[in-house]
Amino acid sequence: MLGFRTITLSLLLSSAIGMYAGSKDIIVDNLGNEHNFVHINPVSGILLLPIEDAAPEGDVSFVQGNKNVLGHTFKVRLARQKVDYYLPVDLSFCDSEPIKMFVNGVPPSSVCWKEISFSDKFDKENIEKFRPVYHHTPAYGWMNDPNGMFYKDGVYHLYFQYNPYGSMWGNMHWGHSTSTDLINWKNEGVAIAPDAIGTIFSGSCVVDHNNTSGFGKGAVVAFYTSAKQTPWGDCQTQSMAYSLDNGKTFIKYEDNPILTSSEKDFRDPKVFWYAPKEHWVMMLAVGQHMEIYSSKNLKDWKKESNFGEGQGCHGGVWECPDLIELPIEGTKDKKWVLICNINPGGPFGGSATQYFVGDFDGTTFTNNYPEETKWMDYGKDHYATVTWNNAPDGRCISIGWMSNWQYANNVPTKQYRSANTIARDLILFKQDGNIFLKSEPCKEMIAARKGGRLVKSINVAKTETISLSPQSDNGAYEMELSINPGKSKKVSFALLNGCGDKVQMIYDVVKNTFAMDRNNSGEIYFSKDFPAVTEMPVGKSKELKLRLFVDKSSIEAFVDNGKFVMTNCVFPSEPYNMIVFENDGNRYKINNMNIYKIK
Ligand code: FRU
């Protein structure tokens with residue numbers, strides 16, 4: 001055993017991670033050239049990996065009986081200089097037999113060798129002051145796009161791009177959460193893990209009510225991109241998996257991949273049933289266009305058409321498509337909406353969601369407004385938005401990733417990174433002969449309101465400051481208000497806290513715009529792209545009706561209940577607990593201001 005260091009752990013671990021539970025050994029064998037074997041003799045339990053975000057990635061595989069037990073080698077930023085946080089690996093996959101962790105590319109001097117340890121539990125409650133209260137987040141690790149959402153038997157399923165081995169992008173799995181109300185989410189662990197064809201990129205699920213696939217009546221069928229990154233370039237193909245236990249576990253289809261291409265960017269399958277032609281449709285994002293495929297059995301796909309050339313914004317690659325039919329509010333008409341996430345090229349830099357309104361005949365989408373670019377959300381933090389399959393009561397419900405590729409890996413959280421937006425009910429509305437998408441806060445947000453306080457009317461003749469406490473005390477609240485500008489040309493108000501952090505909002509009555517300025521909102525220096533002023537059109541109206549959803553580290557602004565939406569992350573030192581209405585000389589009125597604690 002020369003050269004081995006035996007670490008017997010009886011440490012009192014930090015409050016975030018619980019107590020060490022017994023006597024177990026970890027033996028680290030540092031070989032030459034940054035290769036290492038870590039001998040682990042677990043009975044059961046959780047291995048805590050010490051992570052440092054700034055450390056380069058090393059390769060980690062779990063070896064048992066000469067086999068790579070998890071079938072994949074992961075990239076892990078094991079701590080070299082200091083531990084930023086610990087991430088848990090549940091060792092139940094070892095079947096109580098000893099395993100070895102084979103680690104390549106981590107020097108022997110690294111602190112991780114001293115800090116790697118066991119625990120009987122992993123406690124996420126709550127070392128992150130920015131972790132939202134009523135938005136979905138992963139229990140730990142990195143999250144990007146929402147994936148594969150479907151509804152079945154009273155449960156909303158939400159999968160997501162997930163790295164369980166670090167809080168930065170990599171090792172993509174599908175994580176899984178469930179909810180019965182779109183607000184309280186239960187972490188269900190990993191649903192689909194990487195394999196020999198690649199890591200698991202974004203995609204969708206359908207409920208196969210009629211057993212068209214032969215996997216079983218009511219089987220849940222998942223489509224995802226298998227992504228292989230190699231020194232020779234990336235390879236992206238489409239794969240499928242099915243679940244016979246309502247989405248808890250998936251069996252990968254034996255003939256994957258089901259669709260291949262020579263295109264480098266070929267991904268994010270979104271599948272739905274097109275009833276008039278009794279076939280399935282798959283939307284795929286390919287470079288800067290979308291491709292439409294059809295299938296009768298979910299396994300064999302035929303290319304039908306392309307969409308995108310010369311349409312909308314092309315400032316970056318097109319990703320995460322969706323195609324949905326929606327009613328137009330106040331009419332009996334319907335139109336199809338093609339959702340197209342784009343990165344970069346968003347209106348305020350980085351990623352954003354554009355959409356097209358038009359017609360779809362089961363094989364081809366036609367844009368009714370080829371001269372325009374329409375944005376679904378005018379904030380900096382709304383991306384990869386897609387909708388639920390099989391949603392109840394004819395609803396069309398979307399959710400987006402509340403971050404931006406410009407800085408997502410650097411936001412000031414550690415144990416987890418990124419949240420999703422609140423869920424939104426989609427519908428179309430007509431304005432000035434044009435048709436737009438309305439994203440209403442999902443109706444469940446009303447039931448989540450707790451302890452409201454109404455301020456009936458404020459006549460702003462001089463600067464007025466109003467406390468939002470106690471509703472704002474936990475940093476998770478909604479404000480509803482109507483602004484009647486009177487003769488004012490600009491209505492300026494701000495959310496602020498006692499530390500001087502402030503988010504300025506400006507309703508420009510002449511330009512008919514609403515702007516949010518987060519330049520002084522709290523922590524902003526983690527990326528040069530974070531400080532920003534975002535602006536959106538709000539149409540002409542006598543009173544601007546606004547709903548603001550604040551949750552620790554985000555603000556979502558809905559004008560006219562979702563006709564115009566803006567989603568921005570913010571990282572204040574303390575919750576914003578005051579609103580100040582400024583006065584430019586002209587009086588204006590705030591009507592029916594309601595402040596609700598949420599959850
Ligand atoms: C969008 C995206 C997808 C891809 C996934 C990888 O944010 O780039 O196109 O499937 O993220 O994590």
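In each ligand, atom 1 is the first atom listed, and ligand 1 is the first ligand listed. Everything quoted here is computed from the prediction, not taken from an experiment. One is the number of the first residue; the rest follow in order along the sequence.
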Proximity of A384 to ligand 1 by residue part, where a heavy atom lies under 4.0 Å: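 Neither part.
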So which bit of W401 gets within less than 4.0 Å of ligand 1, heavy atoms only: side chain, backbone, both or neither? neither
Check F130 against K552 and note the closest heavy-atom contact, atom names and distance.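 It is O-CB, 3.7 Å.
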Answer yes or no: are there more than 12 heavy-atom neighbours, outside K302 itself, under 6.0 Å from its atom NZ? no
Provide the number and element of each atom of ligand 1 under 4.0 Å from a heavy atom of [X].
{"X": "Y383", "result": "1 (C), 7 (O)"}
{"X": "W405", "result": "1 (C), 7 (O)"}
{"X": "S202", "result": "5 (C), 10 (O)"}
{"X": "F201", "result": "4 (C), 6 (C), 10 (O)"}

What do you reckon, are the aromatic ring centroids of Y151 and Y156 less than 6.0 Å apart?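 So the answer is yes for these two rings.
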With sequence neighbours excluded, what pairs up with S261 under the side chain to side chain contact (heavy atoms under 4.5 Å, CB included) test?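 In terms of side chain to side chain contact (heavy atoms under 4.5 Å, CB included), with neighbours along the sequence ignored, S261 is linked to E263, F266.
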Protein contact of [atom] - nearest heavy atom, named by residue and atom, plus distance:
{"atom": "atom 6 (C) of ligand 1", "answer": "Q161 OE1, 3.2 Å"}
{"atom": "atom 8 (O) of ligand 1", "answer": "E319 OE2, 2.8 Å"}
{"atom": "atom 2 (C) of ligand 1", "answer": "D145 OD2, 3.3 Å"}

Using distance alone, decide if ligand 1 has a nitrogen or oxygen within less than 3.5 Å of any nitrogen or oxygen in D268. yes
Hey, does N144 come in under 3.5 Å of ligand 1, counting only N/O atoms on both sides? yes
Got a salt bridge between D195 and K252, using NZ or NE/NH1/NH2 to carboxylate O under 4.0 Å? yes
Less than 4.0 angstrom from a charged side-chain N to a carboxylate O is my criterion; do R267 and D265 meet it?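 Counted as a salt bridge, because a side-chain N and a carboxylate O are separated by less than 4.0 Å.
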Is there a donor in the side chain of S527 and an acceptor in the side chain of N410, or the other way round, less than 3.5 Å apart? no
Side-chain touch W405/N144, heavy atoms, less than 4.5 angstrom: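 Yes - at least one pair of side-chain heavy atoms lies under 4.5 Å apart.
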